[in-house]
Amino acid sequence: MKKLRQKVRKSRVIKNMLLITLGSFVYAFAFEWMFIPNNIVMGGFTGLAQTLNRFVPAVPIGVTVIALNIPLFVLGIRRQGFRLLLDSVYAMSLSSVFIDVLGYAIRFRPIEDHLVACLIGGGMVGISMGILLMVGATTGGVELAARLLKYHFKHISIGKLCLFIDLLVIAFYTLVFRNINDGLYAAIAMYISSLSMDAVVYGRNTSKVACIICSEGRQIKERLIELDLGVTNIRAHGGYSDSEKDILICAFKPSRISELKSAIMDIDKTAFVIICNAEDIFGEGFADVSMDSL
């Protein structure tokens with residue numbers, strides 16, 4: 001059993017390292033392919049590094065990002081421990097190295113349509129940051145700051161927190177270089193990034209909830225249990241029919257909606273069913289939750 005546990009732990013570590021490597025590369029590639037050639041500023045510390053690089057081209061952007069992140073990592077370790085340090089330092093260092101290596105190795109050409117660059121670049125950056133956050137890592141800067149702010153603003157999604165910080169950096173860049181067009185394009189890119197990030201981080205927890213008002217509650221409940229679906233039964237009194245009813249509440253994955261509808265209609269064609277989207281579900285049979293949850 002001990003050997004099996006060690007094997008599972010080792011496998012998880014390798015998987016996380018591969019995901020961090022992938023996320024870091026996608027982040028750097030999007031930055032060098034879409035942001036740099038088209039003069040679109042990135043938010044966060046990368047955006048600050050871009051601003052500094054415009055004044056002092058000899059200072060590499062990747063190195064500047066690492067230097068700016070050091071104080072934030074010290075604060076992060078106090079809140080989340082050394083695991084954050086190990087995974088995030090690896091992600092930050094790797095993404096910074098990828099940025100500098102790609103910048104020297106490949107000469108990317110600007111895309112004629114800046115809006116297309118914003119959409120592609122923002123989407124790629126959001127996906128990459130979402131991948132890193134899912135395995136408990138960040139590239140530092142905005143993602144780490146947003147992760148720490150999440151402890152105090154639990155009702156705000158991680159993507160929106162990142163967007164708020166990014167917009168502050170973009171506003172600073174716009175004021176320094178007095179170029180409102182670049183600032184607007186950057187804001188669009190960061191908005192797309194925040195949507196993509198939330199889709200990656202929270203999309204896996206998206207489910208549906210069915211509220212089933214029916215007369216054949218016991219039979220429907222038994223059928224749903226046979227389908228391995230959890231269900232809660234509440235006795236109620238129909239206002240219109242003035243008769244006893246059952247209200248069944250069932251949370252399920254979107255892929256099982258046809259299965260659930262068929263099960264209900266096969267038993268009680270007079271059932272009244274309300275199906276709603278549930279953005280986040282946790283607990284037995286769904287996602288786990290902890291103080292570090294995003």
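Count residues from 1 along the sequence. Because the structure is a prediction, the values reported are computed rather than measured. Values below: every heavy atom of this structure, side chains too, minus hydrogens, waters and symmetry copies.
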Donor-acceptor pairs under 3.5 angstrom involving side-chain atoms of residues 228-235: please list them, not counting sequence neighbours.
from: R235; atom 1: NH1; to: D246; atom 2: OD1; distance (Å): 2.8
from: R235; atom 1: NH1; to: D246; atom 2: OD2; distance (Å): 3.1

So, do [X] and [Y] sit near enough that their side-chain heavy atoms are less than 4.5 Å apart?
X    : Y    : value
W33  : I120 : yes
C118 : I192 : no
M134 : V200 : yes
Y27  : I99  : yes
C214 : I264 : no

Check: [X] side chain, [Y] main-chain N or O, donor-acceptor pair, under 3.5 Å:
X    : Y    : answer
N38  : H114 : no
S262 : E259 : no
R223 : D266 : no

Going by the angle between their ring planes, with limits at 30° and 60°, are F29 and F108 parallel, tilted or perpendicular?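 Aromatic pair F29/F108 classed perpendicular.
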Is it possible for you to say whether V97 and L102 belong to one hydrophobic cluster, with membership spreading through side-chain heavy-atom contacts below 4.5 Å? no
Do L94 and I106 land in one hydrophobic cluster if side-chain heavy atoms of ILVMFWY residues count as linked below 4.5 Å?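 Yes: a chain of side-chain contacts under 4.5 Å links L94 to I106.
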Around I180, counting heavy atoms of other residues, nucleotides and ligands shown, do more than 12 lie under 6.0 Å from its CD1?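 No, CD1 of I180 has 12 or fewer neighbouring heavy atoms, counting only those of other groups under 6.0 Å.
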Test side chain to side chain donor-acceptor pair (under 3.5 Å) applied to N277 - qualifying residues, sequence neighbours left out: K208
Can you see which heavy atom on A210 is nearest to which on L260, and at what distance? CB-CD2, 4.1 Å
